[in-house]
Each structure stands twice: as structure tokens, then as C-alpha cells.
Amino acid sequence: VQLQASGGGLVQAGGSLRLSCVVSGGFFSINDMRWHRQAPGKQRELVASISSDGNMNYEESLQGRFTISRDNAMNTVYLRMNSLKPEDTAVYYCNANVRLLRLNPASSYEYWGQGTEVTVSS
């Protein structure tokens with residue numbers, strides 16, 4: 001199972017970006033999908049998560065500016081980021097809990113993408 005994140009880049013404050021993360025490989029289904037971020041000199045933090053049936057949760061301070069969504073047919077999770085601020089500068093990582101086997105619910109594991117860098121200039 002591989003996760004490939006994309007969509008990062010350099011944007012001015014107030015701008016928007018949409019990150020994408022595609023899950024590929026051999027598996028049965030994808031459970032929760034998440035975005036995390038790690039700013040320079042800081043610990044990685046959870047940004048948002050979305051369950052297989054679409055329930056979303058956000059880091060409280062980001063709700064309203066960030067929107068997580070997923071396309072189950074495309075095995076893809078998105079993060080729409082609006083009104084970006086310099087403090088949003090970080091490497092953004094996608095993560096998914098993936099069930100490998102149809103007949104074994106316990107065959108679910110966490111996988112991580114390689115990260116995509118977001119830089120917001122003031």
C-alpha cells in the first residue's frame with residue numbers, strides 16, 4: 001500500500017491550496033483518512049480526519065478554513081485550505097487506516113504518505 005500526496009507549494013497569505021493523497025496497492029478498503037502537518041521545529045499535529053462514511057473532524061483552530069473530503073471511488077483524500085496564513089507553513093502528511101483483507105477486519109494498518117510542503121508567505 002502506498003500513499004502519494006501532492007498539491008503543496010508556495011502561496012501568499014490569504015490564498016488557497018488543495019492537497020490530494022491517493023492510496024494505491026492491494027487492499028480491501030480504506031477506513032479513516034487523515035491529514036497531519038509538521039511545522040519547522042514543532043511536533044506533528046493532526047489537522048483533519050474523515051471516516052469511510054464521511055464523518056469529518058478538525059483541529060479546532062482550523063475549522064472553517066480547512067475542509068477535508070474524500071472520493072472513495074478514486075481512493076483519494078483531499079484537503080482544501082483557504083485563507084492561508086504564514087503559520088500554516090508546514091509539511092503536510094496524509095495517513096490512512098487501510099484494511100488489507102476482506103475476510104479479516106483485523107488486517108487494518110496505518111500507512112503514511114511522503115509529505116507535501118506548503119509555504120505561505122506574508
Side-chain angles (χ1 to χ4, degrees):
V1 176
Q2 298 86 38
L3 277 67
Q4 180 68 47
S6 61
L10 174 63
V11 63
Q12 288 189 331
S16 298
L17 282 174
R18 189 180 79 157
L19 307 182
S20 301
C21 176
V22 181
V23 183
S24 63
F27 57 89
F28 172 66
S29 64
I30 305 171
N31 300 317
D32 288 359
M33 305 180 83
R34 311 176 192 94
W35 286 98
H36 306 252
R37 69 182 183 182
Q38 186 165 19
K42 295 188 177 182
Q43 289 189 330
R44 190 174 298 187
E45 64 175 350
L46 177 64
V47 172
S49 65
I50 184 167
S51 66
S52 57
D53 57 0
N55 289 319
M56 297 168 284
N57 285 285
Y58 296 91
E59 200 287 320
E60 188 174 355
S61 66
L62 301 176
Q63 194 158 7
R65 293 196 298 123
F66 288 16
T67 302
I68 191 170
S69 60
R70 63 191 283 171
D71 183 332
N72 291 329
M74 299 296 291
N75 298 325
T76 301
V77 62
Y78 303 98
L79 184 69
R80 177 71 179 182
M81 304 183 293
N82 295 327
S83 303
L84 283 163
K85 305 175 181 180
E87 51 263 43
D88 295 318
T89 294
V91 178
Y92 285 72
Y93 298 90
C94 58
N95 150 241
N97 183 273
V98 179
R99 177 173 166 178
L100 300 182
L101 303 174
R102 180 176 68 88
L103 297 180
N104 184 359
S107 65
S108 296
Y109 302 94
E110 297 289 335
Y111 294 90
W112 289 81
Q114 84 288 3
T116 184
E117 190 165 358
V118 172
T119 303
V120 184
S121 63
S122 57

Supply the atom-to-atom distance [X] [atom1] to [Y] [atom2], rounded to the nearest 0.5 angstrom.
{"X": "Trp35", "Y": "Glu45", "atom1": "CH2", "atom2": "CD", "result": "14.5 Å"}
{"X": "Ser83", "Y": "Arg65", "atom1": "OG", "atom2": "CZ", "result": "6.5 Å"}
{"X": "Ile30", "Y": "Ser108", "atom1": "CD1", "atom2": "OG", "result": "11.0 Å"}
{"X": "Asp71", "Y": "Met33", "atom1": "CG", "atom2": "CE", "result": "9.5 Å"}
{"X": "Thr76", "Y": "Gln4", "atom1": "OG1", "atom2": "CD", "result": "11.0 Å"}
{"X": "Phe66", "Y": "Leu79", "atom1": "CZ", "atom2": "CG", "result": "6.0 Å"}

Side chains of [X] and [Y], heavy atoms from C-beta outward: is any pair under 4.5 Å?
{"X": "Asp32", "Y": "Ser49", "value": "no"}
{"X": "Val47", "Y": "Leu62", "value": "yes"}
{"X": "His36", "Y": "Val91", "value": "no"}

Of all heavy-atom pairs linking Ala96 and Leu3, the shortest is N-CD2, 3.7 Å
Closest non-hydrogen atoms of Leu103 and Pro105, given as atom of the first, atom of the second and distance, are O-CD, 3.7 Å
Looking at [X] and [Y], would you say the former's side chain and the latter's main chain have a donor-acceptor pair under 3.5 Å?
{"X": "Arg70", "Y": "Ile50", "result": "yes"}
{"X": "Asn104", "Y": "Leu101", "result": "no"}
{"X": "Arg80", "Y": "Thr67", "result": "no"}
{"X": "Ser107", "Y": "Arg99", "result": "no"}

Between Val23 and Met56, is there a shared hydrophobic cluster once you connect ILVMFWY residues whose side-chain heavy atoms come closer than 4.5 Å?
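Yes, it is one cluster - the side chains of Val23 and Met56 are joined through contacts under 4.5 Å.
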Hydrophobic cluster membership, Tyr58 vs Leu84, 4.5 Å side-chain cutoff:
yes
Quiz: residues 109-117 side-chain donor-acceptor pairs under 3.5 angstrom, not counting sequence neighbours:
{"from": "Glu110", "atom 1": "OE1", "to": "Arg34", "atom 2": "NH1", "distance (Å)": "2.8"}
{"from": "Glu110", "atom 1": "OE1", "to": "Asn95", "atom 2": "ND2", "distance (Å)": "2.8"}
{"from": "Glu110", "atom 1": "OE2", "to": "Asn97", "atom 2": "ND2", "distance (Å)": "2.9"}
{"from": "Gln114", "atom 1": "OE1", "to": "Ala5", "atom 2": "N", "distance (Å)": "3.2"}
{"from": "Gln114", "atom 1": "NE2", "to": "Ala5", "atom 2": "O", "distance (Å)": "3.0"}
{"from": "Thr116", "atom 1": "OG1", "to": "Gly8", "atom 2": "N", "distance (Å)": "3.0"}

Enumerate donor-acceptor pairs with a distance under 3.5 Å from any side-chain N or O in residues 10-21 to protein atoms, sequence neighbours excluded.
{"from": "Ser16", "atom 1": "OG", "to": "Asn82", "atom 2": "OD1", "distance (Å)": "2.9"}

Let me see the working for Ile68 and Val77 under side-chain contact (heavy atoms from CB on, under 4.5 Å), right down to the final yes or no. CA-CA 7 Å; Ile68 191 170; Val77 62; 3.8 Å; yes
Applying side-chain hydrogen bond (donor to acceptor under 3.5 Å, both in side chains) to Ser61 and not counting sequence neighbours gives Glu59
Is Arg44 close enough and on-axis enough to Tyr93, meaning under 6.0 Å and within 45°, for cation-pi?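 The answer is yes; both the distance and angle limits are met.
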